[in-house]
Amino acid sequence: MQPIDRRTALTLGGLGLLSTAVGGGGLFWQRQPSALDALTGVALQEPEVLRSRAGSLDVRLEAASGSHEVAGRKATTLGYNGGLPGPTLRVRPGDTLRIELVNQLEQPTNLHVHGLHVSPEGNGDNVFVVVNPGDSFSYEYRLSEDHPPGVYWYHPHHHGMVADQVFGGLYGAIIVEDTDPVAVSRDRVLVVSDISLDASGRILTPSTMEQMRGREGSLVLVNGQASPVLQARPGERERWRVVNACSARYLSLRLEGQRVQLLGRDSGRLEESRDVEDVLLAPGNRADLVVTGRRGHSVLRAEPVDRGDMMGAMMGGGSSSSRSRGPVDLATFEVRGSPHAELPPLPRQDAPRDLRASEASRSRVLTFQMGMGGGMMGGGGSQGMMSFTIDGNTFDAGRVDQSVTVGAIEEWTVRNDSPMDHPFHLHVWPMQLIADNGESVETPTWLDVVNVPARGEVTVRIAFDDFGGRAVYHCHILDHEDRGMMGVVLAE
Ligand code: C2O
Ligand code: CU
Ligand code: CU
């Protein structure tokens, strides 16, 4: 297919003809980096930043549908406080974060602070709370003095509607500041999300098949923008806090021609920052990067990731999906001008805890499966055809799947019996990766989303410190979570 230039796209889009032209299931344009991006060279915009003061941050977040500029045209999406993404919340260890969530949507919602090590009970990070349309709810999250710094994020978690609401535009970043600041010229937040829009700029609901595979939007956005431009001078050092807020898309990020150092992923910190060529972020993962500018133009690119395929298993090949399988250009990094003075080397960070030094009091095996025939019996109707289970069960808010003791250290092996990868996410308690598909992981690596490869397994250790209460673990392909690939853990 020939790339369509922007003028043609807009004209055809305006006439409602482009869907025919691209034949992409009604998408108003296909992601064709070369043609559109050169023309949309707009500077990266940052979401509004709200900072804590004197130990607390009080925020009002209104979830509503509204009109936004997406990829240079008007679209009707969801958003917090009219933004796409919502405001960036910056807090410090020891702070109290209060969020009043106001639901102006036409459906129930709630809020989850992904990755924060805070209580899951009451008005804490409690995903069992339901905030009905027109209602509001006041959340309060208390961060401990030793809460790990890093990049976190917030998004809705109302079971059955998570994929639609996140895909629709409900997400925002949370930064927990370092106790020892890292000297940088600029600190940026890059929230990567994907979305599909129809000819009139409305969110396109993916087919049942695409949902079962995990929807991938035809537009991949950084802070709600398509292919924004980031500018720096040579030698400038920037902090990039990257959030993968896509519903199902894995991001294998590359920034050729530039120096990229990894400070950490999720709440996990590296004692010593490491030069990296690429960083893989499963849905929900974050990367804390330091980029040092080298003169020239570089493209922040997401290389295609093979996360297995449900279709192969179901029908012996073929795919009904219109998703592009090539790389996606997310942003351009332009480095020019007079060189910046050299900055001091990056500081060392605290050595991460290593749970291998402790005895695990219990080990468990959790098995992720996809099967035929799920949903039909449950009256799922259009949700039929495939079931998404953990240990043979779909999610039941009233059932406890794992009972753990507060203070215990456990070892969990998560097996994947299906032909697709599933990113395993546990709320509240971070996980130390012990073995990744049979290979033991030597450096202490802490994550809150761990990819479990198709037909493979991972082993993690978890310290159930500090908090009691009911929380969940699930596949972070949000369509899978909504279809029941989620369980309840009760700590007491
Ligand atoms: Cu980011 Cu339970 O989710
Ligand atoms: Cu989470
Ligand atoms: Cu999954």
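As the structure is a computational prediction, the values presented were derived from the model and not from experiment. Remember, it's 1-based here, ligands and their atoms both numbered in the order they're listed.
- The aromatic rings of F388 and H422 stand perpendicular to each other, their planes meeting at an angle above 60°, with 30° marking the opposite boundary.
- Residue H476: no N/O/S atom is found under 2.8 Å from the Cu ion (ligand 2).
- Remark: R470 qualifies as a cation-pi partner of F128 under the 6.0 Å distance and 45° angle criteria applied to the six-membered ring.
- The aromatic rings of H114 and H425 lie parallel to each other, with less than 30° between the two planes, well short of the 60° mark.
- In summary, H157 places no N/O/S atom under 2.8 Å from the Cu ion (ligand 2), failing the contact criterion.
- Here H157 meets the criterion, with an N, O or S atom under 2.8 Å of atom 2 (Cu) of ligand 1.
- Distances from atom 2 (Cu) of ligand 1 show that H476 has no N/O/S atom below 2.8 Å.
- No other N/O/S atom of H474 lies as close to atom 2 (Cu) of ligand 1 as NE2 does.
- At a cut-off of 2.8 Å, H114 coordinates atom 1 (Cu) of ligand 1 through an N, O or S atom.
- Side-chain contact of T96 with Y141: a donor-acceptor pair under 3.5 Å is absent, judged by distance alone.
- Side-chain polar atoms of Q165 and T109 form a donor-acceptor pair below 3.5 angstrom.
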